[in-house]
Student: 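One structure, pasted below without further comment.
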Amino acid sequence: MTDHRLRITDNGLRITDYRIVCLAGGVGGAKLAAGLAHIVPPANLTVIVNTGDDFQHLGLTVCPDLDTVMYTLAGMANAETGWGRAGESWRTMEMVAQLGGPDWFSLGDLDLATHLTRTQLLSEGQTLTAVTHHLCTHLHIQPAILPMSDQPAPTMIESDGRILPFQTWFVRERWQPPVSKIILPEDVKATHAVVRALETADMVIIAPSNPFVSIDPILNVYPIRALLEDVPQVVTAVSPIIGGQAVKGPAAKMMQEMGMEVSATAVARYYGDLVDLFIYDRQDEGAFEERGEAVAMDTMMVDGDGRVRVAKEVLHASLNFLES
Ligand code: GDP
């Protein structure tokens, strides 16, 4: 059965009236979200972003994943680091260091404007959802970017009997302490906007983000996991593990330390029945043990064209799944 709301033309895929929700962390999530934003009309695209990494620093509310997604969609992200802004300078941090302040987490001079504005608006009583909308509007970002919750939902890392706030483990200790457990808060509720987006979604795409510290914190927010189980159409996940390794960051190290095999197969098993369609990289084709629906493609997004190509192929595969 052909769905007339979605058309494939000579120029690629044109999606009309098809509601797509992307679940995203920072770097991997932002790249796929940016690719999707090139293809999907803005009114039909919602990106739900992990806020488990958020923390207070220098008196400011810092939301690293929201900022990475925002800067990437606004075309102002630093392509080399994968986080922060392009064309950044660091004079404030130099002065913080000189004053003996906490300089282990770098906030660039331009980036600071985001945290200052966010913190000011939050202090006036606005929700994080409203503040994010405000920032996106002023950055001319059209698709909806939604924090997973308006409540704080800090992820904690258990290591050698210590319990570390996520950024202490990730940045201050350079994700070296071995992870024995990831502790996610109980009783965090999704916003109305998140619930509405998922209830009306035709397609949910889990970006190639860290499954444990980017995607799980989103799924843990009530009732997001249950809503995903109810999505009438398709939930597609893209593997962050390519060639048996993480492209960037601690995903592979965490898998090892938590006693898992480091592979795309292990990620697929981890998501289990929540996912209808699993997308893994061609590099893993020989090793991938199929269980359920899975498609191999080149999932590495090295530049803007790569993001659009992967987004297009992910949509294509999801559409094929829906029509099969
Ligand atoms: P973080 O919150 O900034 O760590 O970012 P995410 O959780 O969104 O993304 C980190 C994950 O993205 C890592 O596990 C990487 O392996 C994965 N990743 C980064 N770039 C790519 C890419 O181009 N393709 C794929 N498939 N995965 C990627």
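Whatever order the structure lists ligands and atoms in, that order sets their numbers, starting from 1. Numbers here simply count residues along the sequence, with the first being 1.
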Student: Is the closest N or O pair between Ala251 and ligand 1 shorter than 3.5 Å?
Tutor: no

Student: Considering heavy atoms of the protein only, find what lies nearest to atom 23 (O) of ligand 1 and give residue, atom and distance to 0.1 Å.
Tutor: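 The closest one turns out to be Met301 N, 2.8 Å.
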
Student: Has the side chain of Asn50 got a donor or acceptor atom that lies under 3.5 Å from a matching backbone atom of Val213?
Tutor: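 Yes: the side chain of Asn50 pairs with the backbone of Val213.
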
Student: Are there more than 12 heavy atoms of other residues, nucleotides or ligands under 6.0 Å from atom NE2 of His134?
Tutor: yes

Student: Nearest non-hydrogen atom to atom 17 (C) of ligand 1 belongs to which of Gly28, Pro217, Pro208?
Tutor: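 The residue whose heavy atom sits nearest atom 17 (C) of ligand 1 is Pro208.
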
Student: Could you tell me whether Gly26 and ligand 1 have an N or O pair separated by under 3.5 Å?
Tutor: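 Yes - when backbone and side-chain N and O of Gly26 are compared with those of ligand 1, one distance drops under 3.5 Å.
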
Student: Can you sort out which atoms of ligand 1 are near Ser214, meaning under 4.0 Å from one of its heavy atoms?
Tutor: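 Checking each atom against Ser214, I get 2 (O), 6 (P), 7 (O).
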
Student: Distance under 4.0 Å to a non-hydrogen atom of Lys31: what atoms of ligand 1 satisfy this?
Tutor: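 Matching atoms, with element in brackets: 20 (N), 21 (C), 22 (C), 23 (O).
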
Student: Going by the angle between their ring planes, with limits at 30° and 60°, are Phe288 and Phe278 parallel, tilted or perpendicular?
Tutor: parallel

Student: Less than 4.5 Å apart, any side-chain heavy atom of Glu313 and any of Ile279?
Tutor: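 When only atoms from C-beta onward are counted, Ile279 and Glu313 do not touch, as no gap falls below 4.5 Å.
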
Student: Should Pro147 and Thr191 count as side-chain neighbours, where that means a heavy-atom distance under 4.5 Å?
Tutor: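 In short, these two side chains do not touch, never coming nearer than 4.5 Å.
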
Student: Take atom NE2 in His133; do more than 12 heavy atoms of anything else shown fall under 6.0 Å from it?
Tutor: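 Count not over threshold, so no.
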
Student: Looking at ligand 1, is there an atom of it that comes within less than 4.0 Å of some heavy atom belonging to Ser239?
Tutor: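 Yes; Ser239 lies near enough to ligand 1 that a heavy-atom distance drops under 4.0 Å.
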
Student: One residue to check: Ile242. Relative to ligand 1, which of side chain, backbone, both or neither has a non-hydrogen atom less than 4.0 Å away?
Tutor: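 Side chain only; the backbone of Ile242 stays clear of ligand 1.
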
Student: Verify the neighbour count for atom CD of Gln176: are there more than 12 heavy atoms of other residues, nucleotides or ligands below 6.0 Å?
Tutor: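 For Gln176, atom CD is crowded (more than 12 foreign heavy atoms under 6.0 Å).
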
Student: More than 12 heavy atoms of other residues, nucleotides or ligands under 6.0 Å from NZ of Lys181: is that the case?
Tutor: no

Student: Write out the residue and atom name of the closest protein heavy atom to atom 28 (C) of ligand 1, then the distance separating them to 0.1 Å.
Tutor: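 Here the nearest protein heavy atom works out to Val247 CG2, 3.5 Å.
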
Student: Would you check the N or O atoms of Gly29, main chain and side chain alike, for any that come under 3.5 Å of an N or O of ligand 1?
Tutor: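 Yes, since at least one N or O of Gly29 sits under 3.5 Å from an N or O of ligand 1.
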
Student: Taking only heavy atoms of Gly25, which atoms of ligand 1 are found under 4.0 Å from at least one of them?
Tutor: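 The list of qualifying atoms is 8 (O).
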
Student: So, is Pro240 polar-close to ligand 1, with some N/O to N/O distance under 3.5 Å?
Tutor: yes

Student: Check whether any side-chain N or O of Asn220 sits under 3.5 Å from a backbone N or O of Pro185 as a donor-acceptor pair, and report yes or no.
Tutor: yes

Student: How close does the nearest protein non-hydrogen atom get to atom 15 (C) of ligand 1, and which residue and atom is it?
Tutor: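 Here the nearest protein heavy atom works out to Lys248 O, 3.4 Å.
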
Student: Among Leu73, Val131, Val69, Ile145, find the one that has a side chain to side chain contact (heavy atoms under 4.5 Å, CB included) with Cys136.
Tutor: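 Running side chain to side chain contact (heavy atoms under 4.5 Å, CB included) over Leu73, Val131, Val69, Ile145 with Cys136 returns exactly one hit, Ile145.
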
Student: For Thr68 and ligand 1, answer yes if some heavy atom of the residue is under 4.0 Å from a ligand atom, otherwise no.
Tutor: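 Checking ligand 1 against Thr68, which is what was asked, there is no heavy-atom contact under 4.0 Å.
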
Student: Which heavy atom of the protein is the closest neighbour of atom 3 (O) of ligand 1, given with residue, atom name and distance?
Tutor: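 Answer for atom 3 (O) of ligand 1: Val27 N, 3.1 Å.
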
Student: Show me which atoms of ligand 1 lie under 4.0 Å from any heavy atom of Ala246.
Tutor: 16 (O)

Student: Would you say CD of Glu290 has more than 12 non-hydrogen atoms from neighbouring residues, nucleotides or ligands within 6.0 angstrom?
Tutor: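 Yes.
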
Student: Of all the atoms in ligand 1, which lie at a distance below 4.0 Å from a heavy atom belonging to Thr299?
Tutor: 22 (C), 23 (O), 24 (N), 25 (C), 26 (N)

Student: Can you pull out the closest protein heavy atom to atom 8 (O) of ligand 1? Residue, atom name and distance to 0.1 Å, please.
Tutor: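 For atom 8 (O) of ligand 1, the nearest protein heavy atom is Ser209 OG, 2.7 Å.
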
Student: Between Asp65 and ligand 1, which residue portion shows a heavy-atom distance shorter than 4.0 Å: side chain, backbone, both, or neither?
Tutor: side chain

